[in-house]
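Working notes, beginning with the structure itself.
Order of listing sets the numbers, starting from 1, for every ligand and every atom in it.
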Amino acid sequence: MRDLSLHLLDILQNAIKAQATSIWVLIEEFPEADRLTLTVKDNGIGMSKAILQQVQDPFFTTRTERKVGLGLSLLKANALQTGGGFAIASQPGKGTEVTATFGLSHIDRPPLGNLGLTFTTALGSRESLSLTLTYSKGRAHFSLSTGDLLEILEDREAFHSKKVLDWIEAYIQDAVKAIQTP
Ligand SMILES: Nc1ncnc2c1ncn2[C@@H]1O[C@H](COP(=O)(O)OP(=O)(O)OP(=O)(O)O)[C@@H](O)[C@H]1O
Ligand SMILES: [Mg+2]
């Protein structure tokens, strides 16, 4: 079973491949409703209606190296396995929004995993990407964007430094842990 952070990395890579310059990630835990939702919104090239209908099928991909696209169908399968749901909306030229809902306490619900590493990996894989991550559990809430980081670090060059990326990763992991174990 894969962690949510690995599913997220796949979805981020799809957005980056679709030339997104801004990506918004929202992970929300609703303990009372026993639900977890993952939403990833991008401003990339989007998909036509025909492609949109096909993308949830594991045998569809616009990749040329291999025939099976796994990112979306694995996420969907995992969400449904926990009694959750899956939705994808897209507009050509505007962008795409993927939403997966999980049963929060379901035994097959993937753990969050290393969200910090997923964030820094995405940062490293595209020049001048604007990325926002928000994580909430009930009323506790944490949000970090590349804009916030640039205010501290002052220039984007810092995003190429392993020391800085390690610091960002640890910062996110600490914040997530603080929310999970208040
Ligand atoms: N955010 C997005 N914007 C535009 N098109 C997308 C986006 N996400 C997915 N797609 C389209 O949906 C197809 C299927 O995506 P999926 O992640 O399931 O497979 P893949 O990316 O082709 O392969 P894999 O994820 O296994 O490397 C992609 O090939 C792409 O055409
Ligand atoms: Mg993919």
>> Within ligand 1, which atoms have a heavy atom of A18 less than 4.0 Å away?
In response: 3 (N), 4 (C)

> Any idea which part of I11 is under 4.0 Å from ligand 1, heavy-atom wise: side chain, backbone, both or neither?
Replying inline: neither

> What is the distance from atom CG of L149 to atom CH2 of W167, rounded to the nearest 0.5 Å?
Replying inline: 6.0 Å

>> I'd like the name of whichever of L72, L75, L12, L70 reaches closest to atom 26 (O) of ligand 1 through any heavy atom.
In response: L70

> Regarding S105 and D34, is there a side-chain donor-to-acceptor distance under 3.5 Å anywhere?
Replying inline: yes

>> For the CG atom of L144 and the CG atom of L115, what is their distance to the nearest 0.5 Å?
In response: 11.5 Å

>> List ligand 1 atoms under 4.0 Å from V55, heavy atoms only on the residue side.
In response: 11 (C), 12 (O), 13 (C)

>> Only heavy atoms of D42, strictly under 4.0 Å: list the atoms of ligand 1 that pass.
In response: 1 (N), 2 (C)

> Where on Q13 is there a heavy atom closer than 4.0 Å to ligand 1, on the side chain, on the backbone, on both, or on neither?
Replying inline: neither

>> Whether the S90 and T96 side chains hold a donor-acceptor pair (N or O, under 3.5 Å, no angle test) is what I'd like checked.
In response: yes

> Can you find an N or O of N14 that's nearer than 3.5 Å to an N or O of ligand 1?
Replying inline: yes

>> For the residue pair N43 / T21, report whether a side-chain donor-acceptor contact shorter than 3.5 Å exists.
In response: yes

> With a 4.0 Å cut-off on heavy atoms, is D10 touching ligand 1?
Replying inline: no

> Going from NZ on K76 to NE2 on H7, what distance comes out if it is rounded to the nearest 0.5 angstrom?
Replying inline: 14.0 Å

> Could a heavy atom of G46 be found less than 4.0 Å from some atom of ligand 1?
Replying inline: yes

>> Quick one about Y135 and E29 (side-chain donor to acceptor, distance below 3.5 Å, no hydrogens or angles considered), yes or no?
In response: yes

>> Testing L131, L150, T132 one by one against S145 for a side chain to side chain contact (heavy atoms under 4.5 Å, CB included), which residue passes?
In response: T132

>> Test your reading of the structure: does I51 have an N or O sitting under 3.5 Å from an N or O of ligand 1?
In response: no

>> Looking at ligand 1, is there an atom of it that comes within less than 4.0 Å of some heavy atom belonging to Q54?
In response: no

>> Closer than 4.0 Å to some heavy atom of K17 - which atoms of ligand 1 meet that?
In response: 21 (O)

> Strictly under 2.8 Å, is any N, O or S atom of N14 next to the Mg ion (ligand 2)?
Replying inline: yes

> Nearest heavy-atom pair of A100 and A79: which atoms, and what distance?
Replying inline: CB-CB, 4.3 Å

> Backbone or side chain, does any N or O of S73 fall under 3.5 Å from an N or O of ligand 1?
Replying inline: no

